[in-house]
Amino acid sequence: MSDALINGVAGAGGGIIAQLITYPLQTVNTRQQTERDFIKEKIIKLGAIEQMCKVIKHEGWGQLYGGLAPSLVGTAASQGVYYYVYQIFRNKAEARAIEHRKLGFGDGTVGMFSSLVVAALAGCVNVLLTNPIWVVVTRMQTHKKVGTKPSASDTPLFAPDETTLPAVELPPFGTSHAVQEIFGEAGVWGFWKGVLPTLIMVSNPSIQFMLYETMLKKLRKRRASSEMSSVDVTAAEVFLLGALAKLGATVLTYPLLVVKSRLQAKQVKTEDERHRYEGTTDAIMKMIQYEGISCFYKGMSTKIVQSVLAAAVLFMVKEELVRGVRKLLLKDSIKSGKL
């Protein structure tokens with residue numbers, strides 16, 4: 001079994017487990033990102049916990065996991081594709097670094113810039129292949145199960161003292177409904193809404209993996225120089241390195257994530273142009289004009305908690321799975337050698 005396949009499978013497994021643990025936070029964060037908060041209108045903002053309680057009260061526990069099924073498929077596909085392609089490009093970069101060392105250039109290891117390019121290429125392939133899944137997930141996360149009394153701005157978030165209509169039992173909004181809704185709005189191209197900011201957001205995992213591998217390399221080098229018995233890192237150390245790497249990447253790229261969510265969410269059919277986005281540039285200009293710069297960081301604290309926790313779990317589980325699979329393959333090869 002190749003290293004690329006091992007890393008691809010392990011990445012998919014780690015991604016699924018991380019998604020299951022942090023999904024309610026992801027749902028709340030998507031809703032925070034897509035809420036309209038116009039400058040001239042005073043709207044009481046709810047924190048992550050308050051909004052989570054509101055969803056449970058008016059829509060039920062299940063809505064916190066709206067879109068979970070396609071999200072798990074998307075996570076497995078995204079992590080599997082990303083790690084598989086990443087490892088292929090990584091192997092080629094390492095081979096080239098060794099060749100350069102033989103020619104007298106470099107130390108034979110992949111540098112920071114090469115790691116960034118490798119992660120970016122893998123990210124672009126991943127985005128182009130899996131974007132339709134995440135458009136469906138965004139629609140299902142932002143779908144409201146019950147009707148509420150509309151405000152003047154038609155914003156989905158209301159002050160606690162506003163009157164809320166009794167819950168209405170509506171037909172379940174499943175994956176097929178989201179697919180039909182997206183296709184009905186924009187045809188096949190609707191499934192690639194938000195692909196431009198998502199492609200630019202490739203810098204997020206690129207920065208994340210660059211920071212992670214740089215810190216991991218320095219940690220192993222320090223242990224090797226101190227003549228420790230083992231240079232292997234523990235699961236707890238991988239957890240911490242993954243969390244730090246994701247934190248840095250998230251802070252830098254969060255505004256693009258908000259724009260992507262706005263484009264992928266259902267566009268409100270109204271004459272008010274503030275609610276309609278024609279594309280990435282139009283969305284950015286209207287958000288600045290009507291909501292101010294602060295709107296690009298809506299729900300950022302929730303995203304940081306969710307992303308850091310998910311990334312830390314992902315790296316920890318992935319490394320443990322890779323290590324376990326390699327041990328099993330080594331045992332099998334030893335047994336087959338004895339026969």
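Source: prediction; values computed, not measured.
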- Message: Show, in sequence, the C-alpha distance, side-chain angles and deciding distance for R31 and E59, and conclude whether the salt bridge (charged side-chain N to carboxylate O under 4.0 Å, His left out) test is met.
- Response: CA-CA 14 Å; R31 292 194 174 200; E59 303 178 56; 2.8 Å; yes
Least distance between heavy atoms, [X] atom then [Y] atom:
{"X": "V259", "Y": "A283", "value": "CG1-CB, 4.3 Å"}
{"X": "T34", "Y": "A265", "value": "CG2-CB, 3.8 Å"}
{"X": "A18", "Y": "L314", "value": "CB-N, 4.1 Å"}
{"X": "A245", "Y": "M215", "value": "N-CE, 3.9 Å"}
{"X": "E291", "Y": "R262", "value": "OE2-NH1, 2.9 Å"}
{"X": "G11", "Y": "K318", "value": "N-CG, 4.1 Å"}

State plainly whether the residues [X] and [Y] are in salt-bridge range, i.e. N to O under 4.0 Å.
{"X": "K286", "Y": "E278", "value": "no"}
{"X": "K54", "Y": "E50", "value": "no"}
{"X": "K92", "Y": "E99", "value": "no"}

- Please check if the distance between the ring centroids of F315 and F239 is under 6.0 Å.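 When the ring centroids of F315 and F239 are compared, they turn out to be at least 6.0 Å apart.
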Indicate if [X] and [Y] have the same hydrophobic cluster label, given that clusters are the connected sets of ILVMFWY residues with side-chain heavy-atom separations under 4.5 angstrom.
{"X": "L199", "Y": "V135", "answer": "yes"}
{"X": "L309", "Y": "L240", "answer": "no"}
{"X": "M52", "Y": "V308", "answer": "no"}
{"X": "Y65", "Y": "W61", "answer": "yes"}
{"X": "M201", "Y": "M300", "answer": "yes"}

Per-pair distances, 0.1 Å, donor-acceptor, side chain in residues 182-189, under 3.5 Å, sequence neighbours excluded:
{"from": "E185", "atom 1": "OE1", "to": "R139", "atom 2": "NH2", "distance (Å)": "2.7"}
{"from": "E185", "atom 1": "OE2", "to": "R139", "atom 2": "NH1", "distance (Å)": "3.3"}

Nearest 0.5 Å please: distance from the [atom1] atom of [X] over to the [atom2] atom of [Y].
{"X": "S261", "Y": "K193", "atom1": "OG", "atom2": "NZ", "value": "13.5 Å"}
{"X": "I288", "Y": "S294", "atom1": "CD1", "atom2": "OG", "value": "11.0 Å"}
{"X": "L128", "Y": "W192", "atom1": "CG", "atom2": "CH2", "value": "9.0 Å"}
{"X": "I17", "Y": "L72", "atom1": "CD1", "atom2": "CG", "value": "11.0 Å"}
{"X": "E181", "Y": "M140", "atom1": "CD", "atom2": "CE", "value": "11.0 Å"}
{"X": "I304", "Y": "K246", "atom1": "CD1", "atom2": "NZ", "value": "11.5 Å"}

Flag the pair [X] / [Y] as yes when at least one side-chain heavy-atom distance between them is below 4.5 Å, and no otherwise.
{"X": "I284", "Y": "F296", "answer": "yes"}
{"X": "V313", "Y": "V317", "answer": "yes"}
{"X": "V118", "Y": "Y86", "answer": "yes"}
{"X": "Q26", "Y": "T302", "answer": "no"}
{"X": "L241", "Y": "L211", "answer": "no"}
{"X": "T30", "Y": "T142", "answer": "yes"}
{"X": "Y212", "Y": "V238", "answer": "yes"}
{"X": "E35", "Y": "Q51", "answer": "yes"}

Would you tell me whether [X] and [Y] have side-chain atoms, one donor and one acceptor, within less than 3.5 Å of each other?
{"X": "K298", "Y": "Q32", "value": "no"}
{"X": "W134", "Y": "S78", "value": "yes"}
{"X": "Y23", "Y": "Q141", "value": "yes"}
{"X": "T109", "Y": "R101", "value": "no"}

Tell me whether [X] contacts the main-chain N or O of [Y] through its side chain, where contact means a donor paired with an acceptor under 3.5 Å.
{"X": "Q63", "Y": "H143", "value": "yes"}
{"X": "H58", "Y": "V55", "value": "no"}
{"X": "S114", "Y": "V110", "value": "no"}
{"X": "N131", "Y": "V127", "value": "no"}

- So which of L257, V258, L256, L263 actually passes side-chain contact (heavy atoms from CB on, under 4.5 Å) with K260?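 Exactly one candidate clears the test, L257.
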- Given N29, I21, T22, the one that forms side-chain contact (heavy atoms from CB on, under 4.5 Å) with Q306: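 Going through N29, I21, T22 one by one, the side-chain contact (heavy atoms from CB on, under 4.5 Å) with Q306 is satisfied by T22 alone.
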- Query: Within a radius of less than 6.0 Å around NZ of K217, do more than 12 heavy atoms belonging to other residues, nucleotides or ligands occur?
  - Reply: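 Yes - once you tally the heavy atoms of other residues, nucleotides and ligands closer than 6.0 Å, there are more than 12.
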- Message: For the CZ atom on R323, are there more than 12 heavy atoms of other groups (residues, nucleotides or ligands in this structure) within a distance under 6.0 Å?
- Response: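 For R323, atom CZ is crowded (more than 12 foreign heavy atoms under 6.0 Å).
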- Message: Could you go through Q33 and Y254, starting from their C-alpha distance and side-chain angles, then the distance that decides it, and tell me whether this counts as side-chain hydrogen bond (donor to acceptor under 3.5 Å, both in side chains)?
- Response: CA-CA 10 Å; Q33 291 169 351; Y254 189 77; 3.2 Å; yes
- Message: Pair E237, T234 - check side-chain hydrogen bond (donor to acceptor under 3.5 Å, both in side chains), show working.
- Response: CA-CA 5 Å; E237 289 170 331; T234 64; 3.3 Å; yes
